[in-house]
2 protein chains.
Amino acid sequence: MPGPRAATPPAEPRRPRIAAAERERMIVDAAIGFFAEEGFSGQTRQLAQSIGISHSVLYRHFPGKEELIATVCAEMFERRWREEWTEILRDPAPSLEERLLRFYREAGTLLLSPEWMRIAVMTGLSGAAAPSGLSSLLHDRIIRPIADAIQATCADRPLPRDVAEQRAWALHGRVFYLGARGAIWRGATPRSQDAALAAAIAGFCRGARALTEAEA
Amino acid sequence: MPGPRAATPPAEPRRPRIAAAERERMIVDAAIGFFAEEGFSGQTRQLAQSIGISHSVLYRHFPGKEELIATVCAEMFERRWREEWTEILRDPAPSLEERLLRFYREAGTLLLSPEWMRIAVMTGLSGAAAPSGLSSLLHDRIIRPIADAIQATCADRPLPRDVAEQRAWALHGRVFYLGARGAIWRGATPRSQDAALAAAIAGFCRGARALTEAEA
DNA sequence: GTGACTATTTACCGCTTGGTCACAAAGCGC
DNA sequence: GCGCTTTGTGACCAAGCGGTAAATAGTCAC
C-alpha cells in the first residue's frame with residue numbers, strides 16, 4: 001500500500017532562491033533562445049535543464065507550456081518593439097530612402113535577429129500568427145507606416161492605397177528574406193548584411209520610381 | 001503467464017489490398033499535405049488515419065518516420081521539379097523580364113504552393129535544408145540560372161558574379177514572400193497573385209536597371 | 001529565534017507516440 | 001483446393017512528455 005509520497009532527502013545541492021519576477025525573466029529569455037532553436041515542440045524538461053532548474057519550476061511560474069509560448073511571443077512581438085522605430089518612418093525630413101534605411105537598420109536589430117525570424121515563422125506555421133500579436137505588429141507598425149511614407153513621397157501623382165501597401169510588402173519581403181536565408185535555412189549570408197540592406201532599399205526605391213514614371 | 005499474443009478476430013472490415021508501389025504513392029501524397037499542415041511533429045497515427053489505414057502500414061513501407069519525411073522532401077525538392085522550368089531562364093530569345101515572368105508563372109505552380117512553401121520552411125527550421133536537396137534546388141536550378149540571365153543582359157557593363165547572385169536572391173525573396181504571406185501566415189493575399197508577381201518582377205527589373213545606370 | 005511564506009526539488013501520473021510483433025486474410029501459381 | 005507470398009490489423013512495448021503533489025529549505029518580518 002503506497003502511503004503518502006515518501007519524504008526524500010535532497011540528493012543535489014539546491015539552487016539559490018531567486019525572486020519570482022527575476023526567475024520569470026530568466027525563463028522567458030532562455031525560452032526564446034530555446035524555442036527558436038528547437039521549435040515549439042521542444043521539451044520543457046530540456047528547456048529547464050538549459051536554465052539549470054528542475055522542470056517543475058516552469059510550471060510554478062507558468063500555467064502550462066502554451067502560456068509560456070504565448071509569453072515568449074508577446075515578448076518578441078510586443079514588448080521588444082520600440083515605438084521610436086516606427087517614428088523614424090513618420091519623420092518627414094529625410095528622403096524616403098534614408099528613412100527606410102534608418103528604420104531597417106534600427107528595427108533590424110530585432111526583426112532580422114535569428115530568434116525573431118525563426119519564432120515569427122514558427123508562429124505562422126502553427127497557425128497562431130494573429131493571436132500572437134505578430135500580424136498587428138507587422139501591419140500597424142511596419143507596413144502601414146511604410147505605405148504612408150510611400151504615398152507621401154509621390155503626392156503629386158496620388159498612389160492608390162492598396163498599391164502603396166503592396167509595394168511596402170514587396171520591400172519588407174525582400175528585407176525579410178535577406179535575414180531568413182541565414183536564420184531559417186542557415187545558408188551563406190552576404191558578407192555585409194548592412195550593404196545588402198542598403199542595396200535592397202536602393203533597388204526598391206529606384207524600381208518604384210521607374211515603375212511610377214513608366215505608368216504615366 | 002501471458003503466452004503468445006492472442007489471436008484476435010477482426011472487428012473492422014478489411015481495407016482492400018493494394019500493390020506496394022501504389023500504396024507508397026498514396027502515403028507520400030497524403031504525407032505531403034499532412035506534414036505541410038501539421039508540421040513534422042505531426043503524429044504518424046493521425047497521418048495513417050487520414051489515409052484510412054492502420055498506422056502500422058506506414059512502417060511496412062517506410063523504415064521510420066524520419067525516412068518518410070525524407071521521402072516527402074525528395075518528392076517536393078527533386079522529383080516534382082521540371083527541368084524545363086530552368087530552361088525558360090536559359091532561353092536567350094525573350095527579354096529578361098519576360099523570361100523571369102514565364103519562369104515564375106510556371107515554376108510558381110510548385111514553388112508558391114502552400115505545401116511547398118510550408119515544407120521548405122519547416123525543412124529549414126529543422127536544420128535539414130542541405131541534406132534534403134532544397135539548397136541545391138534553390139541554388140543550382142533557380143538562383144544561378146537567374147544570375148546568369150542577369151549577367152547576360154548587361155554584357156556591355158560586366159556585372160560581378162556575387163552582385164548578380166545577390167540580385168537574384170533579392171528577386172527570389174520578393175517572390176517567395178509574396179506566397180509566404182498566404183501560405184505561412186495565412187494573411188490576406190493580394191487579389192491577383194499573378195498581377196502581384198508581374199509587378200514584383202517589373203519593379204525588380206526597373207530597379208536593377210536604374211541601379212546599374214546610377215553606378216556608372 | 002520563530003513562524004509564515006514561497007522557491008525548489010524529487011517522485012509520480014497518465015497519456016502520447018514512434019515502432020514492433022504475431023497473426024489473419026487476400027491474391028496467385030499450380 | 002493448396003501452399004506461398006504479400007498486405008493489412010490490432011495488441012503491445014518502452015520511452016517521452018506535459019503536468020501535479022508532497023515535502024524540503026531558504027528568507028524575511030517581527
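Convention: sequence-line order gives letters A, B, ...; per-chain numbering from 1.
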Whole-Å gap separating [atom2] ([N]) and [atom1] ([X]):
{"X": "B/R45", "N": "D/dC13", "atom1": "CZ", "atom2": "P", "answer": "13 Å"}
{"X": "B/E22", "N": "D/dT6", "atom1": "CD", "atom2": "P", "answer": "17 Å"}
{"X": "A/K65", "N": "C/dC15", "atom1": "NZ", "atom2": "P", "answer": "19 Å"}
{"X": "B/Y59", "N": "D/dT7", "atom1": "OH", "atom2": "C1'", "answer": "18 Å"}
{"X": "A/L68", "N": "D/dC17", "atom1": "CG", "atom2": "P", "answer": "16 Å"}
{"X": "B/I53", "N": "D/dT6", "atom1": "CD1", "atom2": "P", "answer": "19 Å"}
{"X": "A/E38", "N": "D/dG16", "atom1": "CD", "atom2": "P", "answer": "15 Å"}
{"X": "A/Q43", "N": "C/dC15", "atom1": "CD", "atom2": "C1'", "answer": "15 Å"}

Nearest to side-chain heavy atoms of [X], which nucleotide of [options]:
{"X": "B/S56", "options": "C/dC21, D/dG18, C/dG18", "value": "C/dC21"}
{"X": "B/S54", "options": "C/dG19, D/dG16, D/dG10", "value": "D/dG10"}
{"X": "B/R17", "options": "D/dG19, C/dG18, C/dA25", "value": "C/dA25"}

Just one of B/E83, B/E84, B/E78 clears the salt bridge (charged side-chain N to carboxylate O under 4.0 Å, His left out) bar with B/R141, so which one? B/E83
I'd like to know whether CD of B/E66 has more than 12 heavy-atom contacts from other residues, nucleotides or ligands below 6.0 angstrom. no
Heavy atoms of other groups near B/E87 CD, more than 12 under 6.0 Å: yes
Counting distance alone, no hydrogens or angles: does the base of D/dG19 have a donor or acceptor under 3.5 Å from a partner atom on the side chain of A/H55? yes
What about B/R23: does its side chain form a donor-acceptor pair under 3.5 Å with the base of D/dG8? no
With heavy atoms under 4.0 Å as the rule, sort [X] into base, sugar-phosphate or nothing.
{"X": "B/G42", "answer": "sugar-phosphate"}
{"X": "A/A19", "answer": "nothing"}
{"X": "B/L58", "answer": "nothing"}

Between A/W85 and A/W81, what is the ring plane arrangement, given parallel below 30°, perpendicular above 60°, and tilted in between? perpendicular
Going by the angle between their ring planes, with limits at 30° and 60°, are A/Y177 and A/W185 parallel, tilted or perpendicular? tilted
Taking only N and O in the side chain of A/H61, is any of them less than 4.0 Å away from OP1 or OP2 of C/dA7? no
